[in-house]
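The figures that follow rest on heavy atoms only: side chains count, while hydrogens, waters and symmetry mates do not.
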Amino acid sequence: MGKLQSKFRKRSDLYRESQEEKADDTCDSQVAQYEPAHQGSVNTVTNLSPHLCASGGSDRAVVVYDWEQGRMCQSFQGHNREVTKVVCYPGSTWIFSASRDKTVLMWDLNEGDEPIQEFCGHELVVNGLAISPDGRKLCTGSRDNWMCLWDIESAKCEQRHNISRNLVTHVCWVPGSSSVVQTSEDKTIRVWDSRAWQVTNTFPAKQYIQTHCDVSPNGNHLVSSSNGFGGQGCEATLWDLRQPGCKVVEYRGHLQTTACCAFLPGGAAQVATSSHDSSVKIWDQNTAACLATLSLDGAGPLVSLSPSDSTNLLCASFNYGLHHIQVEQGTNQTHSSGESSGGAGGLDIKAVARF
């Protein structure tokens with residue numbers, strides 16, 4: 001591991017030096033340029049620790065990156081098609097990756113560069129991936145309409161359930177609960193009981209495909225996002241999980257598919273969304289007021305978000321890799337591309353690094 005880290009460190013230092021030499025007067029030069037984590041589009045990013053993230057992309061690699069220092073730590077090669085989702089178990093060095101090769105692989109940052117477990121059984125691309133709060137079970141969902149529950153230690157599939165047209169797009173486990181929530185291309189959100197492996201609630205179908213979902217840290221609320229075009233259907237929706245199917249507010253303002261949505265940590269009650277329109281928006285969770293917008297011109301679809309804390313946010317893009325974004329109380333001013341136009345809440349949002 002030490003030799004590998006040393007190799008990546010040297011490559012990263014050389015890359016940074018070359019980028020510094022190329023710095024010019026454009027606004028992009030204000031964004032730190034680090035060694036790219038991936039070659040090609042990045043499909044997914046999540047936090048492994050306060051300063052480490054794990055990501056996956058079209059290059060089939062799972063990469064661990066120190067986004068604070070701008071250094072690659074590890075690159076795992078094992079999938080034979082692009083990686084669609086990556087999740088980590090909090091407080092551990094476990095990483096799980098799903099792929100278009102129909103498999104899920106488990107990695108350990110401290111156990112070399114080979115997968116330590118493989119979960120096989122789906123017939124199509126795996127898009128949903130979630131770990132139980134106790135770290136014993138893994139939930140997977142696929143375009144093959146199957147939702148599966150696995151024992152992590154044995155990699156045995158313990159429960160399977162097929163629902164017609166349930167082309168799973170995302171899965172998340174409700175904190176401190178036995179419930180699992182999933183979104184689907186059939187425009188429906190379903191809540192599962194992981195003990196009986198049955199659907200306990202189905203939310204009223206939206207007009208458009210549900211692309212992603214996230215559950216608030218207290219387990220009381222769910223936010224889901226929708227595909228769409230021309231501003232129609234490009235919203236995120238806040239739901240009350242204590243009253244399943246109860247819609248609270250909608251966050252409207254993106255012009256293309258809202259690909260990802262996430263609750264921001266801390267007590268500010270804010271939601272972040274990213275879109276195919278190359279923008280990230282921060283919303284007041286309760287009033288649905290847009291507090292700030294960041295446009296990453298040329299980045300292409302922004303497909304994944306991962307908040308590290310109340311002020312740091314990671315974003316995956318098709319064209320420009322990963323972005324480190326900062327959210328702070330601001331002056332409500334409008335800035336050039338790469339910085340925010342502040343909303344009613346006086347937030348500043350800006351990209352500070354790209355890798």
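- The heavy-atom pair separating G112 from Q74 by the smallest distance is O-NE2, 4.0 Å.
- In this structure a side-chain-to-backbone donor-acceptor pair under 3.5 Å is present from D144 to E123.
- With contacts defined as side-chain heavy-atom distances shorter than 4.5 Å, the pair N43/S41 qualifies.
- Proximity of L313 to L264: side-chain heavy atoms (C-beta onward) are separated by under 4.5 Å at one or more points.
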Which atom pairs, donor and acceptor, lie under 3.5 Å between side-chain atoms of residues 265-274 and protein residues at least two apart or in another chain?
from : atom 1 : to   : atom 2 : distance (Å)
T273 : OG1    : H254 : NE2    : 2.7
T273 : OG1    : W283 : NE1    : 2.8
S274 : OG     : L302 : O      : 2.9

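- I163 has its side chain within reach of V199: a pair of non-hydrogen atoms, C-beta onward, lies under 4.5 Å apart.
- Qualifying salt bridge (Lys or Arg N to Asp or Glu O under 4.0 Å) partners for D240, counting only residues two or more places apart in sequence or in other chains: R242.
- With hydrogens and angles disregarded, a donor-acceptor distance shorter than 3.5 Å links the side chain of T287 to the backbone of A289.
- Side-chain contact between C88 and I95 is present, with at least one heavy-atom pair separated by less than 4.5 Å.
- Separating the CG atom in N286 from the CG atom in L238 is a distance of 7.5 Å, to the nearest 0.5 Å.
- With S49 contributing its side chain and L52 its backbone, the two residues share a donor-acceptor pair below 3.5 Å.
- H122 has its ring centre no less than 6.0 Å from the ring centre of W146.
- Using a 4.0 Å cut-off between charged side-chain N and carboxylate O, R136 and D151 make no salt bridge.
- When the side chains of ILVMFWY residues are joined at heavy-atom separations under 4.5 Å, either directly or via intervening members, M106 and V104 end up in a single hydrophobic cluster.
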Side chain to side chain donor-acceptor pair (under 3.5 Å) between D309 and T311, worked out
CA-CA 6 Å; D309 52 42; T311 59; 3.2 Å; yes
Stepwise salt bridge (Lys or Arg N to Asp or Glu O under 4.0 Å) test for K137 and E158
CA-CA 9 Å; K137 307 297 180 184; E158 297 183 333; 2.7 Å; yes
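- In this structure, S179 contributes its side chain and D193 its backbone to no donor-acceptor pair below 3.5 Å.
- In terms of hydrophobic clustering, with Ile, Leu, Val, Met, Phe, Trp and Tyr side chains grouped at heavy-atom distances under 4.5 Å, V86 and F318 are assigned to different clusters.
- Here the side chains of L241 and W239 are not in contact, with every heavy-atom distance at 4.5 Å or above.
- In this structure, the separation between OG on S132 and CD1 on I152 is 5.5 Å, given to the nearest 0.5 Å.
- Cluster annotation: V42 and V303 are assigned to distinct hydrophobic clusters (Ile/Leu/Val/Met/Phe/Trp/Tyr, side-chain heavy-atom contacts under 4.5 Å, transitive).
- Checked for salt-bridge contact, D186 and R190 meet the test: a charged N lies under 4.0 Å from a carboxylate O.
- In the hydrophobic cluster analysis, where Ile, Leu, Val, Met, Phe, Trp and Tyr join through side-chain heavy atoms closer than 4.5 angstrom, L129 is grouped apart from L105.
- Under the side-chain contact (heavy atoms from CB on, under 4.5 Å) criterion, C157 pairs with C148, W150, R160, sequence neighbours left out.
- Applying the side-chain contact (heavy atoms from CB on, under 4.5 Å) test to N227 and every residue at least two apart in sequence or in another chain returns Y208, I209, T211, T257.
- The aromatic ring centroids of W197 and W192 lie less than 6.0 Å from each other.
- Of all the heavy atoms in I349 and A292, the pair that sits closest is CG2-CB, 3.5 Å.
- Between A259 and H212, the closest heavy-atom pair is O-CB, 3.3 Å.
- Paired with E235 under the rule salt bridge (charged side-chain N to carboxylate O under 4.0 Å, His left out), one option of K247, K281, K206 passes, and it is K206.
- Exactly one residue among L138, V215, V181, V180 makes a side-chain contact (heavy atoms from CB on, under 4.5 Å) with W173. That residue is V180.
- Between atom CD of residue E185 and atom CZ of residue R165 there is a gap of 12.5 Å, rounded to the nearest 0.5 Å.
- Side-chain contact between Q207 and K187 is absent, with no heavy-atom pair separated by less than 4.5 Å.
- The distance from the OG atom of S279 to the CG atom of L294 is 8.0 Å, given to the nearest 0.5 Å.
- For N201, the side-chain contact (heavy atoms from CB on, under 4.5 Å) partners two or more places apart in sequence, or in a different chain, are V191, P244.
- Note that the CD atom of E82 and the CG atom of D101 stand 10.5 Å from one another [nearest 0.5 Å].
- W107 and V83 fall within a single hydrophobic cluster, where Ile, Leu, Val, Met, Phe, Trp and Tyr are joined by side-chain heavy atoms under 4.5 Å apart, directly or via other members.
- For V125, the side-chain contact (heavy atoms from CB on, under 4.5 Å) partners are T84, R100, N127, R143, not counting sequence neighbours.
- A 4.5 Å side-chain heavy-atom check between M147 and C139 finds at least one atom pair inside the cut-off.
- Using cut-offs of 30° and 60° on the angle between ring planes, the pair F96 and F119 is tilted.
- In this structure, OH on Y34 lies 8.5 Å from NE2 on H324, to the nearest 0.5 angstrom.
- Residues Q210 and S184 have side chains not in contact (no heavy-atom distance under 4.5 Å, counting atoms from C-beta outward).
- Not less than 6.0 angstrom separates the ring centroid of F355 from the ring centroid of W67.
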